[in-house]
Amino acid sequence: MHSSSLLATTLTLTLTSTMAASSNSTIKDNLLFPPPPPSVISAPQVLPNASIEPPSTQSIINSLSLTAFVEGGYMAETDRNPLEIPSPFPLYPATTFSDPNPAEDGPNYTFDPDSYRPGFDPKKRNASTTIYYLLTGAGKEGSGGSPKGYLHRNRGRIIHTLHRGRGRYVVLHADETPCRVESFVVGKNVEKEKVQWVVDGGKYKGTFVLPLEDGEDDDEMVFISETTVPGWEVFDHDFLDRKGLEMLMEGDEEKIRQLEWLVKQEE
Ligand SMILES: *[C@@H]1O[C@H](CO)[C@@H](O)[C@H](O)[C@H]1NC(C)=O
Ligand SMILES: *[C@@H]1O[C@H](CO)[C@@H](O)[C@H](O)[C@H]1NC(C)=O
Ligand SMILES: *[C@@H]1O[C@H](CO)[C@@H](O)[C@H](O)[C@H]1NC(C)=O
Ligand SMILES: *[C@@H]1O[C@H](CO)[C@@H](O)[C@H](O)[C@H]1NC(C)=O
């Protein structure tokens, strides 16, 4: 499906107007997105420790009962629509396309209820689910948590709404050949940043916290709500691994270098 074609990959960059100035680049310097603060790149891949967050971030975590999440950051599911719909998705779990055993994990897969939440039936989905999601701290002193959300993919369509903070989203359109790379800033300055954005199923997305604009006084964070339609299930979720990134970027070393720090390391 993702043949390593020698055709040059077309890159479509969606950068906000402020970022356009920094995209004045030679071919060699053609960054997929302006580099984040070094503290974000070098952030350890550990689950965040709420006890080391600054007070106003800690207050969000406590008030909304957020817990550490495997994608990086904190989350809480706030709604699971009781309306059940037939699943529009395959009856086998989403696995990254670098999966060495597509036969076992594909259509011949046998459902193992013990691997999923009690009562999960692969033939059904809740009509929607909604979560809070919080990434914290791009290296400001006193911040702890996880400033990056690792590249991952869902089968469902996800509607995101920003509550606080500023960050960058990177979307890899894995369902297109060649894979288009998109990048945009989410933040409260609606003239040039997004407060609402939609990522369709089948695309990998990663996120990282950006410093606030001058004059904004708040903890560094990306604090959002996400509504997934149909409802979120781990069955429909996969992380992008290093091999998968190489396949998607068709071996383009420069793009791989710019994105690999958003890949969750295997445990
Ligand atoms: C791009 O770079 C050139 C050469 O350094 C400079 O003259 C030009 O003003 C720059 N354009 C923008 C939009 O920054
Ligand atoms: C996380 O918090 C606990 C409890 O306060 C503390 O003992 C531990 O050292 C912290 N871990 C890190 C990595 O900061
Ligand atoms: C949908 O969500 C409800 C909780 O709101 C749950 O009891 C039910 O099992 C879910 N249905 C499916 C198909 O997962
Ligand atoms: C599923 O199993 C059958 C029988 O073993 C095999 O012929 C077929 O190729 C498998 N399908 C896939 C997609 O691996």
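On a predicted model such as this, the values are computed, not experimentally measured, just so you know. Numbering of ligands and ligand atoms starts at 1, following listing order.
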In terms of heavy-atom contacts, does CD of E77 have more than 12 from other residues, nucleotides or ligands at under 6.0 Å?
yes

Can you name the closest pair of heavy atoms from K188 and H163 and give their distance?
NZ-O, 2.8 Å

Please confirm whether Y204 and H173 have ring centers closer than 6.0 angstrom.
no

Grab the two heavy atoms, one from D219 and one from L212, that are nearest each other, plus how far apart they are.
O-CD1, 3.9 Å

Atom pairs and distances, ligand 3 N/O vs protein N/O under 3.5 Å:
from: ligand 3; atom 1: 2 (O); to: N126; atom 2: OD1; distance (Å): 3.4
from: ligand 3; atom 1: 2 (O); to: N126; atom 2: ND2; distance (Å): 2.3
from: ligand 3; atom 1: 5 (O); to: R80; atom 2: O; distance (Å): 2.9
from: ligand 3; atom 1: 11 (N); to: E84; atom 2: OE2; distance (Å): 3.1
from: ligand 3; atom 1: 11 (N); to: N126; atom 2: OD1; distance (Å): 3.4
from: ligand 3; atom 1: 11 (N); to: N126; atom 2: ND2; distance (Å): 3.2
from: ligand 3; atom 1: 14 (O); to: R117; atom 2: NH2; distance (Å): 2.7
from: ligand 3; atom 1: 14 (O); to: N126; atom 2: OD1; distance (Å): 2.9

Are E250 and K255 ion-paired here, with the side-chain N under 4.0 Å from a carboxylate O?
no

Using distance alone, with no hydrogens and no angle criterion, decide if S56 and R164 have a side-chain donor and acceptor under 3.5 Å apart.
yes

